[in-house]
Amino acid sequence: MYKAEIKVMLKPGVLDPQGKAVAGGLSSMGYNQVESVRVGKYIEVFLRADSQADAERQVAEMTHRLLANPVIETYQYTLVPVESEEVS
Amino acid sequence: MYKAEIKVMLKPGVLDPQGKAVAGGLSSMGYNQVESVRVGKYIEVFLRADSQADAERQVAEMTHRLLANPVIETYQYTLVPVESEEVS
Amino acid sequence: MKEPTLTEIKENRLWRSMGLSDEEYQKICETLQREPNYTELGMYAVLWSEHCAYKHTRPFFKLFPTSGERILQGPGENAGIVDIGDGWAVVFKVESHNHPSAIEPYEGAATGVGGILRDIFTMGARPIACLNSLRFGELANDRVKHLVKGVVSGIAGYGNAVGVPTVGGEVYFDQGYAGNPLVNVMAVGLVRHEQITKAVASGVGNPVMVVGSYTGRDGIHGATFASEELTEESEERRPAVQVGDPFTEKLLIEACLELISSGVVVGIQDMGAAGLTSSACEMASRSGSGIEMDISLVPRREAGMTPYEVMLSESQERMLVVPKDGSEEQVKAIFAKYGLPAVVVGRVTDDGMIRIYDGEKLVAEVPAKSLSTDGAPVYLREGKRPAYLDEAHSFDPEILPLKSDYTADLLKLLESPTIASKEWIYRQYDHMVQLNTVVPPGPADAAVLRVKGTTKGIAVTIDGNGRQVYLDPYQGAMAVVAEAARNLICCGAEPIGLTDGLNFGNPERPEVYWQLEQAIKGLADAARFLGIPVTGGNASLYNESSGEAIYPTPIVGMVGLLEDISTRLTSSFKEVGDVIALLGWPGSELGGSEYLKLVNPIPVGKPPRVDLAREKALQKVMLEAAGERLLKSAHDISEGGLAVCVAESCLQGGLGAEIELPWEGRPDALLFAESGARIVVSLKGENWARLQQIASESGVPLTRLGQVQGSEIQFRHTGVEHPLITVSVRQAKDVWKMALEKALLAERG
Amino acid sequence: MKIGIVVYPGSNCDRDCQHVLADVLGLDAELIWHDRTDLAKYDALILPGGFSYGDYLRSGAIARFSPVTESVISAAQKGVPVLGICNGFQVLLEAGLLPGAMLVNDSLHFRCHSQYVRVERDHTPFTYGIEPGTVLEMPVAHGEGNYYLDPVDLAELEEKGQVIFRYVDAEGRATPEANPNGSVNNIAGICNEQGNVVGLMPHPERASEAILGSADGLKVFQALIKFWEAGQ
Ligand SMILES: Nc1ncnc2c1ncn2[C@@H]1O[C@H](COP(=O)(O)OP(=O)(O)O)[C@@H](O)[C@H]1O
Ligand SMILES: [Mg+2]
């Protein structure tokens, strides 16, 4: 079993209304040293695969096709083999 | 300047409707080896701080107070010093 | 980024990549008496794009009837305004967001809603309702499902958050839109006469202020992009996709309305397509003045933006305001309350020039008028009747086999996503916020909103029928106006104004140009005959992919008035035993119908002929009957014909109907023809005589069809023993209610 | 009686609540912009629906830190009746005035439609005098109304009678089909231990005039009037 940890973020330059609102919230809470905030998604995918390479291929593909929206988002992922995971 | 990368996830026992839907979507796209998916948030906070320890303290506090809801969520963060960032 | 020099522009003919022709470039040089620099070229390119300049449609606009007793503002402003009495007026407009929605359905649709709302509140009106008109390919395709889900959530995501109810719309699924979906959104606002505000920059010396969101590199050249065909590369045109921020829009609405009621505003204009360039130039050219501004003062989200980028940015949720001189601090204070920046960036001048500085440096200087629609080129072309028409018209429905039972056909129609219940869609829209929605989406041909503090109601609808326009653009377009009007009168409302959305292919092709010309004439003739002024509209051309144009799709948004909202009607049957009748003329023209689509996906046949005199007489009768409260329900006959119309009235009310068709002819034509000038009504038997009297005074036929009954829908044909259709309400409802959701969620393979 | 309606940036049912309280019921109802902290003159507070701060991050999360929220918390602790409707309910959860949290609807979609809700208890200012078991028709309109509380605390909440409204069908049965969003135990509304703070997802203000389809929601506001008149 493999666990992919995928971070999906808006591309630089794309307006991030969430990040803006959170930054505003933090500053009104008194965190005046916050310069900026970006909010994205964090996705964990547990999958079976024959090899690390196979898992890698699957994750790259599904991220590009479904998990991220390549028109406005970028992504990064890491992949680690795991013992059978508690599946929720 | 410091950059905090914060991952916020639903607690293990809390049902994740989004994760369930994404898993369903992936399996209908033919990714039959996906066991489970969890969807959370990935937040980047850029902040000024006097020291790593100061940054650490701020991030821990703002995450606990605002960025995650301890009733349903858990979080992890990493903190790295960065050169002045392009602020968006 | 460094901007190209004059030589680089010329050597590489950079205007071409901005969508300007060589002749247009020449015309700019002549106007300026010199070569434009890169920023100036960009400004001309966006404002002379089809989207902003209406180069192909403008010559036709004079055909539209635009005046009337109620008209407070016709075409030319951000939105039209119609008086509804008691000091109130309704502001409304439609806008397309087809190209952005094809690339990124959620954000494309969301920013479409945001844009049309700004057109409304910039006039001083509080937005009170949104509608949308959508076209997609057939749902069997996964890409289409993705588009549908994205567009619907985008509309919901934006509209729900800003607190403006989405109260109606229409959706068609047809192969003709497979490569190029249509997303048209309409917004409606309510304003006190004294609050009406215009987008003019008058008063030399008055400050010019940028308010709202920060400016980033979003959607540079979006207007140009909207004026091109979709290609593989457009998928790569990332910057043209903007992300909407409904939260900021909500604050902007409140701030602008508060500002306008404070009385210090001279003019205000939203920054839509072509951003700062279009707002500055339009405000100046409307009042014959000029504007001078320093764009280094514009609040920015990103570092290092060039003048070109600042002038062309289409960042959302921004406005340009010209307040009275001396009131700058008051403006700032109002926006500060809502956490929004408001910055003086320039002044109104009297020389008619748009003069842009970046700090000390003059970066652009062009006559405002030359940028505006008055200065932009106009193209009159030679149209050509498309060759497909003869073949399509030659289809004769008589060749279809006759059947003794049409139950299966009715069920197939009820199951087709175009006709099936749209509940899956409007359930995602907050259609109740603001507490005005008296008739919500679903149970009637239009939505009805109350005007608090009065007895009045406003009915709103949006309609189009690309299949019929494809078969005959002139007749088809007239039919669209007639249908929109019928939808309103079926609710008991008198039509008082319309806005149109022209969705067509590439007008440089003679066949498309012909469709455009014919359709506009059809819209204009119908509007004039029915006495419904056109207060504005929108054109979206170049809707093509892989060389295929969409069906020509003019859509009409229409607003109606009920002086007494308690006379409103819905389409559902209300009580067993009520008489069901047809008000209007029997019809049996199957051309272009959804029924024919069951056998032939491409539209065929001659579409129904529109008889405007009949439509007008029918309207009169219907309004009188509604006013006298003679009716229990009214529903106009459109897609799916009489059979679907009756079935819908049954399914909405959970009751059945017993119908006997008294006319001669092919049963399928009697059941499924989509001929106009027909309304199915239900009423108490005791009101029959009076209804008949009203109808005959106007020469409108009234035909008894049957009555409302318990749990079965049955159609008979006079003289034929076997019923044409027998189906339980329960079965029909299951099919109709779930069809859209099922089709959308169906897995592949 | 003077009622304050808290307006956060992004609230959008504030004027609707004011319309019902002032125009329909003839009460004195004022809007309170979120930067105000002086709430002493209000006899009851309403946190209306909408999208405070865009509901970015989590519904109600940022509004919890608006200046006015601290004052709402102290008023609540003093026993002032506080009603959170929809987004207002979400703010009360984030503020810790009510237990639990909201997840996205199990359908993942925003849902807006009419809904039946059963009143479970009448010991709060907003259900005072309404017979438990009464079924009200009040619309829902939300994307994150899937109420969650861990099983142990949930048992306690039920035990202490803090569940005030439940999603039901027309016959008053709390079935899974009648649950629009996946909330645990079909919970539509709850109160705090003292009973003065109530939050619910359905919109009583949208069901307060017959012309809009239902006037059942008016009972919730009338309960407050009765409660006040009874000097409770
Ligand atoms: N995209 C949409 N958005 C909101 N409401 C919609 C949409 N499409 C259809 N509706 C609503 O669904 C109902 C039925 O629409 P439609 O099938 O076009 O009816 P009809 O053919 O009777 O005009 C109407 O109330 C309409 O406003
Ligand atoms: Mg229709």
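Sequence lines set the chain letters: A, B, ... in the order given, protein chains first and strands last, and positions in each chain run from 1. Keep in mind the model is a prediction, meaning the values are calculated, not measured.
- The environment of B:K7 atom NZ is dense: over 12 non-hydrogen atoms of other residues, nucleotides or ligands sit within 6.0 angstrom.
- Contact record, B:R65 with A:Y31: NH1-OH, 3.2 Å, taken as the closest heavy-atom pair.
- Between B:R38 and A:Y42 there is no side-chain heavy-atom pair separated by less than 4.5 Å.
- With chain B as the partner, the residue from A:Q18, A:E5, A:K41 showing the most heavy-atom pairs under 4.5 Å is A:K41.
- Under the side chain to side chain contact (heavy atoms under 4.5 Å, CB included) rule, A:L67 has a single partner from B:V22, B:V39, B:V37, which is B:V22.
- Annotation: the span from B:M1 atom CE to A:S36 atom OG amounts to 7.0 Å, rounded to 0.5 Å.
- Annotation: maximal heavy-atom pairing with chain A below 4.5 Å, among B:Q33, B:Q58, B:E61, occurs at B:Q33.
- Contact check for A:M9 versus B:E44: side-chain heavy atoms found under the 4.5 Å cut-off.
- Note: B:M62 CE to A:M29 CE = 8.0 Å, rounded to the nearest 0.5 Å.
- B:N32 touches chain A through its backbone: at least one of N, CA, C or O sits under 4.5 Å from a heavy atom, while the side chain does not.
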